[in-house]
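Letters go in sequence order (proteins before strands), and every chain restarts at 1.
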Amino acid sequence: MGKEYQINSDTILWSDFIKGKEDAFRIIYNNHVHSLFRFGCHFTTNEALVKDCIHDVFIELAKYRSRLSVTNNIKLYLFKSLKRKIIKSLNVGGIFSALDSEHLPFHYSISVEEELVESESELIRYKQLNKAMDTLSPRQKEAIYLKFISELSYEEIGLVMKLNYQSTRNLVFRGLEKLRESFPNNLFLLFLHRGSKPRNLT
Amino acid sequence: MKPSIERNLFEFIHDPSFIDWVLNPTAISDQVWEKYLRENPTRKKELERARFLIKGFARNEKSLSDKEVSEIWDKIEHSKNSGSARFLKLRKWSVAAGILLIIGLSGWFITRTNPKDSISIDYQSIAITSDPGTDIKLVFANHTQQTFTSKEVNLKYNQDGKLEAKTGKQVQTEELNKSTEIIQMNQLMVPRGKRSSIELADGTKLWLNSGSHAIYPVAFTGKSREIYIEGEGYLEVAHDALKPFFVVTDHIKVKVLGTKFDISAYKDDDHVSVVLLEGSVQASSPIEVQVMKPNQILNYQKLTKKSTLENTNVFEYVAWKDGWMLCNKEQIQSIIRKLSRYYDVKINYTDLRINSMTLTGKLDLKNNCEDVLKVICATAPLKFTILNNTISLIAKD
C-alpha cells in the first residue's frame, strides 16, 4: 500500500447531486437547513425572509445543478450563498440602503430567560456576558458565531465574510478578549457535576 | 481529542471535542472531562469560563420545527417542478416561536452528522473495569447492565436500532435508544470459560474469546468505524471502502477495509498478535506501521515495542471460534495458558522439562477440560491431578 487517499463524503454527495440523484438533494437539504436557518436569523428578525432565502438557495442549486463545479465543502457553499441572498433581500426591502457584507447587522445576544438557567448566579453572569456581547462589533459577533456555533474553520469563515485568514483570526481573538475582560473573577462557580444534589448536612 | 495538560480559555474553546461536551454532554464525555479536571485541578477556572462562554453563545438560537422543515422542502419541490422559482413567493410561514433552546440544540446535533475523521476515544476511561465475575455481561451506554448465565451469547445490532440477544434457542429483543446525536457505546465482557459473538450494525461479525472485553458503538455514524478489544477477537469486517474500520487495543491499532482476521491482545500476555486470513490490514504501534498480507502473523512484543511478521498456518489461530484448537508444534506452556482461559481453570506445573515439550494436532474444545487434558496426556509423556479446582501437570519419567 502506498500513499493513502481518503474520499471526502461531501465530494460524493455533491457529485451524486450534480448527476441528478434526488436523494442527494434531499440529504443536502436535511443536513444543512437547521444551521442555515439559525445563521440567517442573526441577520434579521424576519424569520419568513430567512426561510424565503433558504428556499431560493436550494432552488438555485437545483436550477443550475448541471453547471455547478465540484466542491468538497457543501456547508461553506451554502453559508456563502445564503448570506448573499439575505443581503440582497434586505436591500430590496428598502430598509437599508446599499447594505453590503461589511455593514450588515448581526444580532447576537445571550438569552437571559430565567427558565433556562440553573441558578440565580448563572443568570447574573449571563446578563454580564450579554452586556459584553453588546460591545462587540457585528463582524466580531459574526466571526465568533461562525467559529464556535457553526464550527467553521478560520479559512472558511474568511470565505463567508470575505476576509483574509489573519483578519478573521484577529476578529475572533479580539472579540473573545473583550468578553473575557468582562468576567468577574469571583462569580465562577458553575456546577460541573450536573444532577448531583447538594447534601444535607444536618 | 484527549485533553492535554495545560490549557487556557482559548485552547478549550478551540477544541471541537470540548464544544461537543459543553453543548451535548454524554456520560462518556463527562467522564473524560471530569478526569481531566481531577488531573489538572489548576485549570478548573479556565475550563469553567470556557464552558460558560460556549453555553452562552448557544443560548439564544432559533430553531425550525419538523413541520417547518418539511414546509420549506415542499415549497422547494413545488417551485423546482413548476420552473418559475423566482416568482413563487412564499406567503405565510407558520410561526413556531417559543420552542427555543432545547429543541434547537437537539436539532443542531442531529444535523451535524459529520464527526471528525479519526475518532479519538479514551477507552481506558469508558471501560468498566470491575471484576467481570463468572457471567457474560453487556453494559449499555447508560451504564445499565444485563448478565447472561449461559456459556455463550450471540448479539446482533440491527440498523433500525434493535438489539437481538440469542442464548441457545432463546431470542430476546431490546429496543435501543436510537439517538443519532451521540455515539452510544456498548460493552461486552466475556469472562474466562465463556465465549460470545456480536454482529455489529454495519454487518461486521466479531467473535470474542474467553476473558475478553469489547467496546463498540451501537451504530457507526462517523467517517470511520472503530471498536476496542482487550483479549482475543476474530473479526469478519463488512467491506466499506469509505469507512475504514479500526480495531484499537492498548498497544496497537489495526486498520482494515474489509477482511477476516484474528487479534489477540490479552493483558497477561507479553505480546499482541494479529493473524490475517483474507484481505489486507495495516497494524500500527507507537513506533511503526506494518502492512499485512493474508496468511501472515504479526507479533508485537510489549516490552521492546518491536513487531515481527511471518507466514503461518492462520487456521490454528482462529479455530477457537468453532470450538477447536489447532496446534502445530505448539509449546505445552502456551496450550495450557489458552486452556486455562478457555475453561477458566488454574493449571500448574513445576517440572521445567514441560517447557520444552511441543504438541501437534487438534483439540476439541467442545469437550470438557478434563477430556482435553486426557488427550494431551495420552500424546505427551504427562499426567494430571485435580485438587480443589487446580490442575497440576506432572511429567512422566
Identify, with sequence neighbours excluded, every residue that meets ring pair (Phe, Tyr, Trp, His ring centres under 6.0 Å) alongside A/F39.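 Partners of A/F39 under the ring pair (Phe, Tyr, Trp, His ring centres under 6.0 Å) test: A/F43, A/F79.
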
More than 12 heavy atoms of other groups within 6.0 Å of B/N311 CG: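 Yes, enclosed.
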
Tell me whether the count of non-hydrogen atoms from other residues, nucleotides or ligands lying under 6.0 Å of CZ in A/R65 goes above 12. yes

Closest non-hydrogen atoms of B/S79 and A/I59, given as atom of the first, atom of the second and distance, are CB-CD1, 3.5 Å

Flag side-chain contact, heavy atom, 4.5 Å: [X] against [Y]:
X: B/E61; Y: A/F37; answer: no
X: A/L179; Y: B/F57; answer: yes
X: A/K147; Y: B/I19; answer: no
X: B/E71; Y: A/H55; answer: no

Check ion pair B/E77-A/R26 (N to O, under 4.0 angstrom): no

If the threshold is 4.0 Å, N to carboxylate O, is there a salt bridge linking B/K80 and A/E22?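 So B/K80 pairs with A/E22 through a salt bridge.
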
Gap separating the [atom1] atom of [X] from the [atom2] atom of [Y], nearest 0.5 angstrom:
X: B/I13; Y: A/L176; atom1: CD1; atom2: CG; result: 4.5 Å
X: B/K75; Y: A/D52; atom1: NZ; atom2: CG; result: 8.0 Å
X: A/K51; Y: B/E68; atom1: NZ; atom2: CD; result: 3.5 Å
X: A/R180; Y: B/E46; atom1: CZ; atom2: CD; result: 5.5 Å
X: B/L64; Y: A/H34; atom1: CG; atom2: NE2; result: 6.0 Å

Is A/F25 close to chain B through its backbone or its side chain, or both, or neither, when contacts mean heavy atoms under 4.5 Å?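 Both backbone and side chain of A/F25 come within 4.5 Å of chain B.
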
